[in-house]
Amino acid sequence: MDDIIKLKDYFDRRNEAKSQLPLSKATVSKVEVVGMGDRVCVDLCSIMRPGEGLLVGSYARGMFLVHSECLETNYIANRPFRVNAGPVHAYVTVPGGKTSYLSELRSGKEVIVVDQHGLWRTVIVGRVKIESRPLILVEAKDNSGDDTYSIFLQNAETVALITDATGSSGRTAIPVTSLKVGDEVLVRKQGGARHTGIEIQEFNVEK
């Protein structure tokens, strides 16, 4: 698997897009175990590198960068094609500046994979698994404003949020099982109102 990832890195760097999505830092303000829910695992037709994942959030105005399962753990073999993305209600970023509900993804659809630097690429969904799992609520406050963003994730050591690549912590991602108030994670700030996944300009309150 390591050799496959190295070969993929070589070709990705040759074909890497110049465009970047601006990412911002947010400070975790709440971590709370909340009970059971139906969460979505997204298995892609591409291998992801450390620092890559999907943009997911409870509200379209702020999307968290959820890491793939490419890192080794003591509990399960790594799966660099998978993102344990969150519950069925959550938004995920898809091509064309749009969002989709995680529950709407299926084989053949496309999503956006983003790394710590904001570099992105379009990949194809190979399979989606929805299963009932224990959830954890994470809230984080925008470091450059007053907005607070939230996301529900499976309470498992293989699920992690991506951190700033230039930070001093030396960590690529923080597992939700060890996430604590004060940790910094990466988010993608967007316009608030959405209709059928498309950003619109109208009065909209989400809470």
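Reckoned from all heavy atoms, side chains included, excluding hydrogens, waters and symmetry mates.
Contact check for His89 versus Ser58: side-chain heavy atoms found under the 4.5 Å cut-off. Side chains of Lys25 and Leu186 form a contact here, defined as non-hydrogen atoms less than 4.5 Å apart. Counting heavy atoms from C-beta outward, Leu105 and Ser100 have side chains that approach closer than 4.5 Å. At a threshold of 4.5 Å between non-hydrogen side-chain atoms, the residues Leu119 and Val114 do not count as touching. Contact check for Arg188 versus Leu21: side-chain heavy atoms found under the 4.5 Å cut-off. Proximity of Thr93 to Gln190: side-chain heavy atoms (C-beta onward) are separated by under 4.5 Å at one or more points. Between Gln116 and Thr163, some side-chain heavy-atom pair lies under the 4.5 Å cut-off. A heavy-atom distance below 4.5 Å is found between the side chains of Val113 and Met48.
Val138 is not connected to Leu135 by any chain of hydrophobic side-chain contacts under 4.5 Å among Ile, Leu, Val, Met, Phe, Trp and Tyr, and they are in different clusters. Val123 and Val42 fall within a single hydrophobic cluster, where Ile, Leu, Val, Met, Phe, Trp and Tyr are joined by side-chain heavy atoms under 4.5 Å apart, directly or via other members. Grouping the Ile, Leu, Val, Met, Phe, Trp and Tyr side chains by contacts below 4.5 angstrom, directly or via other members, places Ile124 apart from Val111. Using a 4.5 Å cut-off between side-chain heavy atoms of Ile, Leu, Val, Met, Phe, Trp and Tyr, with links allowed through other members, Val176 and Val28 fall into the same hydrophobic cluster. The same ILVMFWY cluster, assembled from side-chain heavy atoms under 4.5 Å apart, contains both Val128 and Leu102.
Contact between Val56 and Ala85 at its shortest, heavy atoms only, is CG1-O, 3.4 Å. Taking all atoms of both residues into account, the shortest heavy-atom contact from Tyr59 to Ser150 is CE1-OG, 3.3 Å. Taking every heavy atom of both residues into account, Ala140 and Phe64 meet most closely at CB-CE2, 3.8 Å.
One finds the CG atom of Leu65 at 9.0 Å from the CD atom of Glu52 (value rounded to the nearest 0.5 Å). Here the straight-line distance linking atom OG1 of Thr148 with atom CD of Glu139 works out to 6.5 Å at 0.5 Å rounding. Atoms CG and CD1, on Leu161 and Ile174 in that order, are 7.5 Å from each other to the nearest 0.5 Å. To the nearest 0.5 Å, atom CZ of residue Arg121 and atom CD of residue Glu110 are 12.5 Å apart. For the atom pair CG of Asn78 and CG of Leu71, the computed distance is 8.0 Å after rounding to the nearest 0.5 Å. With rounding to the nearest 0.5 Å, the separation of CZ in Arg127 from CG in Asp43 is 4.5 Å.
Of the possible polar contacts, one joining the Asp115 side chain to the His117 backbone as a donor-acceptor pair under 3.5 Å is found. Although no hydrogens or angles enter the test, the distance criterion places no donor-acceptor pair under 3.5 Å between the side chain of Asn143 and the main chain of Ser24. Of the possible donor and acceptor atoms, one in the side chain of Ser107 sits under 3.5 Å from a partner among the backbone N and O of Gly126. Remark: the backbone N or O of Glu104 is paired with a side-chain donor or acceptor of Arg106 at under 3.5 angstrom.
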Next item on the list: Check the pair Ile151, Val66 against side-chain contact (heavy atoms from CB on, under 4.5 Å), reporting the backbone distance first and the verdict last.
Entry: CA-CA 10 Å; Ile151 187 172; Val66 182; 3.8 Å; yes
Next item on the list: Evaluate the side-chain contact (heavy atoms from CB on, under 4.5 Å) criterion for residues Lys141 and Asp146: first the C-alpha distance (whole Å), next the side-chain angles of each, then the deciding distance (0.1 Å), finally the verdict.
Entry: CA-CA 7 Å; Lys141 186 178 182 297; Asp146 296 324; 4.0 Å; yes
Next item on the list: Could you check Val31 against Ile136 for side-chain contact (heavy atoms from CB on, under 4.5 Å), going step by step and ending with a plain yes or no?
Entry: CA-CA 7 Å; Val31 181; Ile136 190 168; 3.4 Å; yes
Note to self: Before you tell me yes or no, could you show the steps for Val88 and Val40 under side-chain contact (heavy atoms from CB on, under 4.5 Å), namely the whole-Å CA-CA distance, both residues' side-chain angles and the distance that decides it to 0.1 Å?
What the structure shows: CA-CA 6 Å; Val88 289; Val40 181; 3.9 Å; yes
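A side chain to side chain contact (heavy atoms under 4.5 Å, CB included) with His67 is found for exactly one of Ile162, Val159, Leu54, namely Ile162.
Hydrophobic side-chain contacts under 4.5 Å tie Val181 to no other Ile, Leu, Val, Met, Phe, Trp or Tyr residue.
Sequence neighbours left out, not one pair with a member in residues 147-156 passes salt bridge (charged side-chain N to carboxylate O under 4.0 Å, His left out). For the salt bridge (charged side-chain N to carboxylate O under 4.0 Å, His left out) condition, the pairs that include at least one residue of residues 174-186, sequence neighbours left out, are Arg171-Asp183, Lys180-Asp183.
The aromatic rings of Tyr101 and Tyr91 lie parallel to each other, their planes meeting at an angle below 30°, with 60° marking the opposite boundary.
Considering only residues two or more places apart in sequence or on other chains, Gln154 meets the side-chain hydrogen bond (donor to acceptor under 3.5 Å, both in side chains) condition with Arg39, Asn84. By the side-chain hydrogen bond (donor to acceptor under 3.5 Å, both in side chains) test, Ser132 is found to be paired with no residue, residues two or more places apart in sequence or in another chain being considered. For Lys30, the side-chain hydrogen bond (donor to acceptor under 3.5 Å, both in side chains) partners at least two apart in sequence or on another chain are Glu32.
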